[in-house]
Amino acid sequence: TMDDNPSLSKEIKNRYKSLYSGVFFERFVLGKWCAAEGLVYPNFNEQKHVFDDETTDGFSEYYLSCDYGTVNPTSFGLWGLYDGVWYRADEYYYSSREQGRQKTDEEYYSHLCEFTYGLNIEAVIVDPSAASFMECIRREGKFRVIPAKNNVADGIRKVSEKLKTKKIIIGSSCTDTLREFSQYRWDTGSVNDTPRKEYDHAMDDMRYFVSTVLKTKEEGFAAMMALAESDDLQIVVSNTTEAGIVFRAEDKATDTKENFAFSMQLIGQNGLNPDIAVVTDGFHQFRAKLIAQKQGVSGKLGAECFRFPA
């Protein structure tokens with residue numbers, strides 16, 4: 001267990017204990033490799049995690065999250081940031097199976113626009129499998145679209161951490177989200193940590209939001225340090241928000257020239273600022289600047305270029 005590790009300070013141990021709950025607490029803190037069973041989010045408590053103020057005023061930043069379904073329900077979540085905490089201020093939930101009619105991408109996009117109340121939405125975080133709906137949103141040009149990170153087990157762990165530290169709060173008007181919290185359970189018949197594929201639509205759009213937007217500064221710093229230790233130049237396109245840094249890794253290139261070309265495509269596809277910064281070591285900075293200039297890419301280098309001796 002953690003208590004058997006002499007290299008961990010008391011402060012670090014207490015921090016880990018404050019982060020984890022449920023099956024993750026038993027595994028990572030108590031050292032018990034127990035099976036995931038019961039509710040996926042047993043630490044969710046309506047007295048702690050629900051707010052009654054249904055206004056969208058006072059938030060400094062807004063995002064939309066989306067789990068898209070054709071036969072299965074479609075769920076949108078409107079998230080607002082206030083004093084370091086993200087509030088799910090409203091939701092849209094439509095089940096074509098219950099209503100007896102499927103909706104088109106265009107109809108869902110119309111509902112999405114109505115759902116934003118004319119607010120300045122930073123981005124719409126969308127189920128990565130919903131390619132046609134993402135294209136529909138991009139085609140209209142009103143919202144920036146970000147395909148969601150979709151590692152289920154890691155996303156559930158992150159949501160559990162944010163619930164434990166009360167960094168996400170759910171509005172009392174989000175009745176379908178509240179209902180799913182009480183129904184979303186682990187699949188005890190699965191070999192891996194997998195939740196049942198039922199009552200998971202608001203749960204999925206919430207997980208997409210947390211996994212994609214709520215990146216801590218520590219995670220961002222660790223990712224940049226990993227790049228700094230790499231032998232080769234690699235560009236990571238990032239968008240900085242109050243919630244941290246959202247990363248998009250360019251992984252198709254076989255050389256630095258392609259790395260710049262593919263990264264600029266990635267910047268355009270995600271609606272990011274084309275004024276880039278390149279962070280790498282001394283020799284690679286000099287080479288990267290030359291290649292960037294030849295390709296017409298303007299940007300800044302994160303440190304002084306290496307100077308060859310005369």
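Positions are given from 1, in the same order as the sequence printed here.
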Inset, instruction - Any chance you could lay out the side chain to side chain contact (heavy atoms under 4.5 Å, CB included) test for Tyr108 and Thr74, step after step, and finish with the verdict? - result: CA-CA 9 Å; Tyr108 279 128; Thr74 289; 3.4 Å; yes
Do [X] and [Y] come within less than 4.5 Å of each other through their side chains, counting heavy atoms only?
X      : Y      : answer
Glu161 : Lys167 : no
Asn150 : Arg207 : yes
Ile168 : Val159 : yes
Asp200 : Val40  : no
Pro147 : Val126 : no
Arg97  : Asn72  : yes
Ile125 : Val213 : yes

Could you give the distance from [atom1] ([X]) to [atom2] ([Y]), rounded to the nearest 0.5 Å?
X      : Y      : atom1 : atom2 : result
Ser211 : Lys162 : OG    : NZ    : 10.5 Å
Tyr87  : Cys174 : OH    : SG    : 13.5 Å
Arg185 : Leu39  : CZ    : CG    : 4.5 Å
Leu78  : Ser65  : CG    : OG    : 8.5 Å

Can you tell me if [X] uses its side chain to pair, donor with acceptor, with the backbone of [Y] under 3.5 Å?
X      : Y      : value
Thr104 : Glu107 : yes
Ser60  : Tyr82  : no
Glu180 : Ala202 : yes
Thr212 : Phe209 : no
Ser96  : Val71  : yes
Asn151 : Asp154 : yes
His49  : Lys166 : no
Glu61  : Gly80  : no

How close do [X] and [Y] get, heavy atom to heavy atom, and via which atoms?
X      : Y      : answer
Cys113 : Phe143 : SG-CE1, 3.9 Å
Leu178 : Gly171 : CD1-O, 4.2 Å
Ile121 : Leu64  : CG2-N, 4.0 Å
Tyr184 : Glu198 : CD1-O, 4.0 Å
Glu140 : Tyr109 : CB-OH, 3.2 Å
Pro128 : Ala148 : CG-O, 3.5 Å

Are side-chain N/O atoms of [X] and [Y] paired as donor and acceptor at under 3.5 Å?
X      : Y      : value
Thr194 : Trp186 : no
Ser132 : Asp105 : yes
Thr177 : Glu91  : yes
Asp205 : Ser75  : yes

hydrophobic_cluster_shared for [Y] and [X], side chain cutoff 4.5 Å:
X      : Y      : result
Val50  : Met206 : yes
Val210 : Tyr199 : no
Tyr93  : Tyr208 : no

Inset, instruction - For residues Trp86 and Tyr63, establish whether the separation of their ring centroids is below 6.0 Å. - result: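 Yes.
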Legend entry - Aromatic centroids of Phe181 and Tyr41 separated by under 6.0 Å: yes
Inset, instruction - Could you check whether the rings of Phe115 and Tyr117 sit parallel, tilted or perpendicular, using 30° and 60° as the cut-offs? - result: tilted
Legend entry - Pair Lys197 + Asp204, salt bridge at N-O below 4.0 Å: yes
Legend entry - Test salt bridge (charged side-chain N to carboxylate O under 4.0 Å, His left out) applied to Glu106 - qualifying residues, sequence neighbours left out: Arg139
Inset, instruction - For the pair Tyr94 and Phe76, evaluate side chain to side chain contact (heavy atoms under 4.5 Å, CB included) and give the outcome as yes or no after the intermediate values. - result: CA-CA 9 Å; Tyr94 181 84; Phe76 300 156; over 6 Å; no
